[in-house]
Amino acid sequence: MSLAIMAPLSEADLPEVYASVESEVRSYCRGWPAVMESAQGSWVTDTSGRRYLDFFAGAGALNYGHNNPALKRPLLEYLASDGIVHSLDVATSAKTEFLQAFERQILRPRGLDYKVQFPGPTGANSVEAALKLARKVTGRESIISFTNAFHGMTLGALSVTGNSMKRAGAGIPLVHATPMPYDNYFDGVTEDFHWFERVLDDSGSGLNRPAAVIVETVQGEGGLNVARIEWLQALEKLCHKRDILLIVDDVQMGCGRTGPFFSFEEAGIVPDIVTLSKSISGYGLPMALTLFRRDLDVWAPGEHNGTFRGHNPAFITATQAIKTYWQSSDFTDATVGKGEFMRARLEEIAAEHDGVSARGRGMAQGLKFEATELASQVCRAAFDRGALMETSGPSDEVVKLLPPLTASRDELETGLDILAEAVTATVSA
Ligand SMILES: *Cc1c(COP(=O)(O)O)cnc(C)c1O
């Protein structure tokens, strides 16, 4: 393993066409100014042959690593056999097999009697479908979201997202959503749900009766804020008692990121609606699902539509991912073990520096910096040492690690060594 610091790259090293043609809205290529060419497993290689250990995994879209051979084989066979690629929502053999595998191996063993909707192929599409359905079912318009939540960039999803910079991009008022404090928002000072329950029951509170609550079990973009199991259980109870639908946005924390297939399994709760995207195709191909209780399926045919709801190559790899990784609890157990391994090392790194703390669940782990500006500098120092890591949180104060769940212990150790060096170099700079 080498921790050599590479000659630092800057945005000026990218081909001219990025600055002259691509919009200023581009972002990741600024922090990682290399032209990537190929990737395998946990590693990405750029055009000059430099290799990077990927501790970001497409923001959680590559839980099974890059170009996973077990998924690539059936995908290549499917394409070579002229398997249908685009199909709107026409029935195809690839879709039949996906629905059967998902029902038999994911839903049924967990006792989840959900209908499956294919919204457009992104997380935001899935969230929009969830919000629309909740409003249609209840006839109410207001949605409760949480502080520091992230649910996507379309207007409905933005309305339940916390980040003020992203919200400002909407250009119009974002309405019909009310934020409530997420778990531990007051550092344990205020009793859980005290405020929420009070305003729900007070006819003078000014809160419209909500259609639904939308929540992440771990807030990935919001800074790796972890909701306690008992907080999630209390939230479910509160929703049931007051006839409010519970939506769990599992776009980033689902598909095994925290251990079990669904991140809410540990809490033993059953959401009314669930959103999935990022790693559901298993291969980084665009795909999303919205799942909901059978009795909530009040859609009229075609009432929520989309051109790319039938991306069959994604169905092929999604089916194979289920067959390869979700036949037993082995994959979950391995993820939990690797997550504990990561956490132990992160606690060590945190203990060596003032103002640094470890946080996360499963294989969504990271370091929070009290001096918020350090987190971005640490990510930059990690990039110079050959690792891809990103910040999250309202002030970009958290270094968030999302390595592929398939990463080996050696790879995890290498990445954590790089992080440790990057922190030391940054803090002592
Ligand atoms: C990434 C993400 C989304 C949005 O997904 P897109 O595919 O970017 O639209 C929604 N919710 C959560 C929790 C996410 O992490």
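Worth saying up front: this structure is predicted, and the values here are computed from it rather than measured. Start at 1 and go down the list; that is how both ligands and their atoms are numbered.
W32 has its ring centre less than 6.0 Å from the ring centre of F56.
Results of the side-chain contact (heavy atoms from CB on, under 4.5 Å) test with E221 over H151, E390, K400, E216 single out K400 as the only residue that passes.
Applying the side chain to side chain contact (heavy atoms under 4.5 Å, CB included) criterion to A318, with sequence neighbours excluded, gives F98, M287. Applying the side chain to side chain contact (heavy atoms under 4.5 Å, CB included) rule to S329 yields the partners D333; only residues at least two apart in sequence or on another chain are considered. Not counting sequence neighbours, the partners of D113 by the side chain to side chain contact (heavy atoms under 4.5 Å, CB included) test are R294.
The aromatic rings of F196 and F146 stand perpendicular to each other, their planes meeting at an angle above 60°, with 30° marking the opposite boundary.
Around ligand 1, the residues contributing at least one heavy atom under 4.0 Å from the ligand are T122, G123, A124, F150, H151, G152, E216, D249, V251, Q252, K278.
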